[in-house]
Amino acid sequence: KLLNCNLKEPVKNNFNVSLNDFFNRRKKYMNFKDSDISHNYFKGIFMTTKSEFGFVRVNDFTEDIFIYGKNTGTALDGDLVLVHVTKGETDTRKCEGEIVKVLKRNKNTKLGEVEIINNKYYCILKNNKKNCNDMIFSYVQKFNKILHKANVPDYERVAFAGTMILYLKKYCQSKDLIWKEQSEDLFSQIQKDDIFSLSITNNIKDTLKSYNINSDVFNKVFEYILSRDYIYQIKEEDWKSIINFLLENIVNLNTNTLSVDIIDLFFSSLRKYSRRKDRNQVFTPNHIGEFIMKVCEVNKNDVILDPCCGSCSFLTLASKSGVPKRSVFGIENDMEVYRVAVINLLLNQCDPESVKYGSCFDNKEVIQLIKPTFVFMNPPYNANPRNIPDTYKYGWKPYELEASTDPTKGLVFVEYIANTIKEADLNNVKIAAVLPVACAIGITNAAMCSKHHLLDMCSLDAVCSLPIGKEHTASS
């Protein structure tokens, strides 16, 4: 009777609580410690940490409810739970509570590693992206060793791996088999009376053509990658090691029911840790992209341009956050990186033609036709001044003109984009640029010229200093 009376009162935060929420597994009423349910029980989302505790986030609460490890019950990260507040908030501590019941699971499929403890099998769950990173990084290290054994050059590994993932992803979509059966079926299609590398590359090309890629883009990217000399020198056993590893550990784990995109996480990790010809290249880490999207309030109505897009990590991040895929555009001047960008777009179901190969300085009309409302930039900090138009070197000192690297440390790229937007008479366009601190506090003549020109054209909303080491995951 007491339970029924209390259920007539509305539970806080507009949650509808049914009688079933207060049954335990044996279909018996739970023994509640307090009679006033509406003041001690709340619905919220459970969040785990690497340690043995977690938090429950409740709507309209200024602070999360702290949950000790022993009080989490069977709750997993992201589950909707009913939590009982056992200790109120004080000046020195958060509210504390215990999870009474899991009301709704976040995901039905969980990712984890099986371990044997005291002759019993346990699945150690990797149920959020933070915990999953460690496992993915270990996969990247193992895969790099496989590629090293196969003599795949360091600077070509990302493009090669991305090509293989695209190929296997398309193959798996057409075959309802477990990974070992997929492997056997795939290798059975390779002609045994021909050179193995030649047969498998032809098989890969035929499969990739089903992505309906523009022939010019296909030739620049996949025709080039699959015609490299090292491809035909890979031994049959190494081909099998590469394919079996990706099928078992990456491609077949990438389901819609997992809380992370395994393929994207693996590919982005591979991009970060693989060597590049230009050691000064830094691809924008996702956590910085997410931060910029949040502070700049990027939304689904924006048209986004990244004129120095690199591997297109920001554009794919924006498309995942609700920006239509037809509204993201990029320009990349490095052919090697352009290939990685196309592969990254395809892996994220974006149009590979939304990124254009070439220098942003040579694509003024393209930029003006796009009519962006938001421009994100992580320009090169050490560009060769010879590639910068003379118009933007006005006021530079002779020694700056003869320098081997850009004396503005990338600021001239922002100046060029701002001027291009102004010439097209586009209003209310936001530009967010990731630049070295030297651009803000530097007083070199070239940098000061760019800053003066920028402030003549634009209003400066904010300068935000990122903590030291925030880009460390992208560059050594």
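For reference, positions follow the sequence shown, starting with 1. These numbers were taken from a predicted model, which means no experiment stands behind them.
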Do the side chain of Asn384 and the main chain of Arg386 share a donor and acceptor less than 3.5 angstrom apart? yes
Please name the pair of heavy atoms, one in Pro307 and one in Val375, separated by the smallest distance, quoted to 0.1 Å. CD-CG1, 3.8 Å
Nearest heavy-atom neighbours spanning Ser450 and Glu415: OG-OE1, 2.9 Å
4.5 Å side-chain heavy-atom contact, Leu435 and Pro379: yes
Side-chain contact, heavy-atom cut-off 4.5 Å: Phe329 with Val366? no
I want to check something: taking the side chain as every heavy atom from C-beta on, are Leu346 and Phe222 in contact at a cut-off of under 4.5 Å? yes
Going through the distances and angles, do Ile204 and Met164 end up as a side chain to side chain contact (heavy atoms under 4.5 Å, CB included)? CA-CA 8 Å; Ile204 293 171; Met164 294 303 298; 3.7 Å; yes
Mind checking whether Phe376 and Phe374 have ring centres under 6.0 Å apart? no
When you measure from the side chain of Asn363 to the backbone N and O of Cys360, does any donor-acceptor pair fall under 3.5 Å? no
Say you draw a straight line from CG of Leu411 to OH of Tyr392; how long is it, rounded to the nearest 0.5 Å? 13.0 Å
N/O donor-acceptor pair under 3.5 Å between Asn348 side chain and Cys350 backbone: no
Going by the angle between their ring planes, with limits at 30° and 60°, are Tyr41 and His84 parallel, tilted or perpendicular? parallel
Tell me, do Asp351 and Arg326 make a side-chain contact under 4.5 Å, heavy atoms counted? no
May I ask you to decide if Pro407's main-chain N or O and Glu400's side chain share a donor-acceptor pair within less than 3.5 Å? no
Could you tell me which non-hydrogen atom of Leu82 sits nearest to which non-hydrogen atom of Lys43, and how far apart they are? CD1-CG, 4.2 Å
From CG (Leu166) to CD1 (Ile213), nearest 0.5 Å: 7.5 Å
Minimum side-chain heavy-atom gap Thr420-Gln368 below 4.5 Å: yes
Nearest-0.5 Å distance, CD of residue Glu156 to CZ of residue Arg339: 8.0 Å
Parallel, tilted or perpendicular: which one describes the rings of Tyr171 and Tyr167, with boundaries at 30° and 60°? tilted
Heavy-atom closest pair (Arg157 atom, Val152 atom, distance to 0.1 Å) is NE-O, 2.9 Å
Check the surroundings of atom OH in Tyr399: do more than 12 heavy atoms from other residues, nucleotides or ligands lie under 6.0 Å from it? yes
Side-chain contact, heavy-atom cut-off 4.5 Å: Tyr338 with Asn333? no
Kindly indicate, with the supporting measurements, whether the criterion side chain to side chain donor-acceptor pair (under 3.5 Å) is fulfilled by Asn419 and Glu423. CA-CA 6 Å; Asn419 189 57; Glu423 287 180 6; 3.1 Å; yes
Could you check whether the rings of Phe55 and Phe66 sit parallel, tilted or perpendicular, using 30° and 60° as the cut-offs? perpendicular
Can Glu98 and Thr86 be counted as having a side-chain donor-acceptor contact under 3.5 angstrom? no
To check you understand the geometry: which heavy-atom pair defines the closest contact between Val221 and Ile343, and what is its length? CG1-CG1, 4.2 Å
Using 0.5 Å steps for rounding, measure from the OG1 atom of Thr408 to the CE atom of Met448. 13.0 Å
Any heavy-atom pair between the side chains of Ser319 and Leu315 that's under 4.5 Å? no
Using a 4.5 Å cut-off on heavy atoms from C-beta on, say whether the side chain of Tyr211 contacts that of Pro352. no
Nearest 0.5 Å, what's the NZ-CD1 distance between Lys364 and Ile417? 10.0 Å
Rounded to the nearest 0.5 Å, the OH atom of Tyr381 sits from the NZ atom of Lys409 at a distance of 10.5 Å
So which heavy atom on Ser311 is nearest to which on Val340, and how close? CB-CG1, 4.0 Å
